[in-house]
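To keep things clear, I will list the structure first and then write my remarks on it.
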Amino acid sequence: MSSLPRRVKSEAKPPISEDDELPSFLSSSSESEEEEEEEWEPKSKISKRARLPKKNEAKPKKRAAPRTAVARSKVRKAAIKEETDASFTIAPAEDKRMQLLKPKEEDVDTDPKTLHQKPEVPKRVEMHSFQGKNVESLESDEKPSTSVKHEKSEEDFAFDEPPFKKMKSTTSPEGKPVKNLGGNKVKEEFEMNWDIVQALSEITNVEPWVCANLIRLFKEENTIPFIARYRKELINNLEADALREVQQALEELRAVAKKTHTTIQKLKKEGKLSGSLLTALLNCRTSEELDHVSAPYKTGSKGTKAQRAKQLGLEPAALSILQNPMELNLFSYVKPNTKGLSTIQEVEAGVQHILADIFAKDKDTLDFIRKLCQQRYICIQSALAKVSSKSGNEKDIDKFQLYHEFSCNIKSIQHHQILAINRGENLKILTVKVNIPDGVKNEFCWWCVNERWRPKQFLKPELMRILRNSVEDAYKRLIYPLLCREFRSKLTSDAEKESVMMFGRNLRQLLLTSPVRGRTLMGVDPGYKHGCKLAIISPTSQILHTDVVYLHTGQGFREAEKIKRLLLQYNCSTVVIGNGTACRETEAYFADLIMKKYFAPLDVVYCIVSEAGASIYSVSPEASKEMPDLDPNLRSAVSIARRVQDPLAELVKIEPKHIGVGMYQHDVSQTLLKATLDSVVEECVSFVGVDINICSEILLRHIAGLNANRAKNIIEWREKNGPFINREQLKEVKGLGPKSFQQCAGFIRFNQEYIKTFCSNTKKEPGSHAFMTKAGGAQGKKKGKPVSYASQQPNPLDQTCIHPESYNIAMGFLSLIGGNANDIGKSDMQQKVNAVIQKEGLEGTAKRLNTTVHTLQLIIDGLTQPEGFDIRTDFDKPDFKRSIVCFEDLSVGAVLTGKVENATPFGVFVDIGVGKAGLIPVRSITEAKLSKVKKRKSLGLGPGERVEVRVLNVDIPRLRITLDLIRVL
């Protein structure tokens, strides 16, 4: 047997969550009392998202073994002294977060034996800056440091692509590391026989040193947007999607570890825990493995066949077959008056059950059969259920026509196919099974008898027969059902994760649609009987007028006069139509009037936008608070217009799952879906940034480091004390501590022109604002730190993406180039920067400033980007039109332009203006057809992108259009 990996001592407390509700194929017992295979019925998985621990939970107050006060003091002093002596940085002395940099190259490939040594007598020092709070980490937690970071400009963020992970390698593109962490060991609360860093690296395919840093960063409650932008040197430039994937995998591993130790404690209390069982439990890495090992020991049943045989005293006989068969006499176990031992056949059956249980629980045996399955053709098959074919709904049955006689290799099956099969099985329309060929069974049985479980001595023919039957019984009754559950679980889990990630990518693309500034817009919520609701909003999103017109009840001509009068009165030349009921008729109505130049002298154009979630938002408390005097039906028209004016600010008001850009979103874990989509919204809002003095409370909630209460407190502070002057004033807000400030500060912007105007007026009217003293909002609270006059001065760097912890480096760079902070965003600044960089180079300048290239690049971007820079300008705007195309007008070969509505693993749906979206199959999306301007790391297209397509097929009866991608516009 292969030796077990060394166990790692644990120390830091991971997030703790309740046991997840698992599908039936995971929670079912691994040992069936029947000979037939249990049916697998997938259910909706609800995996709870583990919460990040509070900072005070990370303090290593308790040790595994008690020590005297003197011993503890000596160890602590020695650790701090060694850390000080062994560390060196390239940053200023106050830089504390450089403690998390990549380990040296020679330590990346260190022998695992040295990585897993028990630290009772440490031969080398471990860095505890992220495991517990030493002197340095306490300082860095209390105030932002002027630390040195690798940064990347906002233009380089790829929001429309799946996560791009750094593959494992012995070298890093960032150059050699500057800090040795003493290996990649990370202390966890629950000890297992596997290292969480290595396990996380294997699951996510991310380098171990990156995984170790991410575990520590997440433990310190750092948000994904903050890590992705301001801690790049610690994560090897991973993108936000990859960080979410690592975070999710980490939570799953911790959930397994927690569940394992809960099971161990329960079994120990019941007196069922043995040494071999403990080892088997601590080896489990997945919930399926844990359930398989622990199932025979669950209470509340009559026990498994092996347990009942052991209770009859047959375990020594079973072990003798493997170890000392020459002295075994099965007839000595026969007891005529005892059930289960009355005949030799019953004795043999009991021995066989015990041996089968031993084989099915052995790690090497399971590893062999899993490896064997990887080399063979394993397929998943679905067929029409007999019950559904007789009494089912024909419409529902037709939806799954592709899967009535379906078979596919589990290695090549697509994610959407797995989700479709699972849905059909839940509706009892399909029956599904995993087919493992007989060759796998034959080879496995031969290996067990002749290799793994070969007896140490000669076996009599009757005992050899028992051994062979035991192996076959173990495979048929225990191992085969386990493999089927594992395959189904892995396929379903991967498909759900891909579905959620696809939803997140589509949502990001939609949220980052380029806003349409400076236009007065008319929003139209189409309808038949109850009319079309109109709302005209100003360029600043103020509601100018609302009305209802009845375009489809024979009053179209009369209502046209009203619409024309409104458009001329408010000088509005852009109409935004929701894509709901009566959208097609409303679009034809406006297109006809535009073609006749009815709105002259205005040159009116229109566009179609998704109204998904508008009805839900219109009756929400947020809408009632924002538009209290407006009818809910008219609120939806306002929302439709604002979705074009500022998509991000409007769509964040709606729960992400109601936006409708996903795939099988109701079949996946709703907890995972919500957590991922909320994280995507937070990422988008943070990377775009918000103006703290004009943004809404709803938008503020989604900034990294903020929540509903902190956003509410910021708005209350602003209403009571006037506008914020600089980022430092955020520290005066109730509930906004050092950690929250660190996370949110870099994503909050300040309009310098507005602040300068306000400050000049304040000086003329002393006492009108808390400009010279601390804000009035501090009254009634505990005595706080006095706010100096200098802290109330505007800081030009606050309008940039530069984090306050890098302000010292930014000012040093300005001194080097001879620039002025008041010239940020001007052409003179760009010229001065170019002159220095051309002379000394980016790396030379960074070295001179004692910083890193990425930090310097972010500073350069912040200083040279024009005032009011918005990363969304690189994304597509709505497609404005003046005419309409009918479905019947389409012909094969016609070339059209359209906008991507939704993206799925099997293709992309494109709105080409005929009322029905066409499908571009995924095989038609090639690298040569994608835009060369946009930096793409994948072949994905996202909602909102404009494309040129060719019609391949038009199926009028089924209203299906197949398209071929020509190019991305």
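The figures here come from the full heavy-atom set of this structure, side chains too, leaving out hydrogens, waters and symmetry mates.
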Applying side chain to side chain donor-acceptor pair (under 3.5 Å), name anything that partners [X], two or more places apart in sequence or on another chain.
| X | value |
| --- | --- |
| S407 | none |
| E472 | none |
| T365 | D362, W453 |
| Q381 | none |

Q: Check K497, R285, K259 against E252 for a salt bridge (Lys or Arg N to Asp or Glu O under 4.0 Å) and give me the one that passes.
A: K497
Under the salt bridge (charged side-chain N to carboxylate O under 4.0 Å, His left out) test, residues paired with [X] that sit two or more places apart:
| X | value |
| --- | --- |
| R454 | none |
| K674 | D678 |
| E315 | none |
| K441 | none |

Q. Does a donor on one side chain and an acceptor on the other come within less than 3.5 Å for N422 and T492?
A. yes
Q | Taking every non-hydrogen atom, the tightest pair across L290 and L281 | A | CD1-CD2, 3.6 Å
Q.
Holding to side chain to side chain contact (heavy atoms under 4.5 Å, CB included), I want the full list of residues that pass it with A280, two or more places apart in sequence or in another chain.
A. V293
Q: Taking side chain to side chain contact (heavy atoms under 4.5 Å, CB included) as the test, write out the residues that go with F368, two or more places apart.
A: L372, F444, W447
Q. More than 12 non-hydrogen atoms from neighbouring residues, nucleotides or ligands closer than 6.0 Å to NZ on K339, yes or no?
A.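 For K339, atom NZ is not crowded (no more than 12 foreign heavy atoms under 6.0 Å).
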Q.
Does D438, at its CG atom, have more than 12 non-hydrogen atoms belonging to other residues, nucleotides or ligands within less than 6.0 Å?
A. no
Q: Applying side-chain contact (heavy atoms from CB on, under 4.5 Å), run through L253 and W194 and close with a yes or a no.
A: CA-CA 10 Å; L253 287 172; W194 39 266; 4.1 Å; yes
Q.
Quick test of your reading: applying salt bridge (charged side-chain N to carboxylate O under 4.0 Å, His left out), list the pairs with at least one residue in residues 341-355, sequence neighbours left out, ordered by first then second residue.
A. E348-R465
(Q) Go through it in stages, so that I can follow the logic: the residues are F190 and T260, the test is side-chain contact (heavy atoms from CB on, under 4.5 Å), and I'd like the CA-CA distance, side-chain angles, deciding distance and then a yes or no. (A) CA-CA 9 Å; F190 300 107; T260 298; over 6 Å; no
Q) Quick one: do D494 and K490 make a salt bridge, cutoff under 4.0 Å? A) yes
Q: Mind running side-chain contact (heavy atoms from CB on, under 4.5 Å) on D473 and L355 for me, showing each step along the way?
A: CA-CA 9 Å; D473 180 48; L355 289 175; over 6 Å; no
Ignoring hydrogens and angles, write down the donor-acceptor pairs under 3.5 Å from the side chains of residues 329-338, residues two or more places apart or on other chains.
unit_1: N329; atom_1: OD1; unit_2: F331; atom_2: N; d: 3.3
unit_1: S332; atom_1: OG; unit_2: N329; atom_2: O; d: 2.6

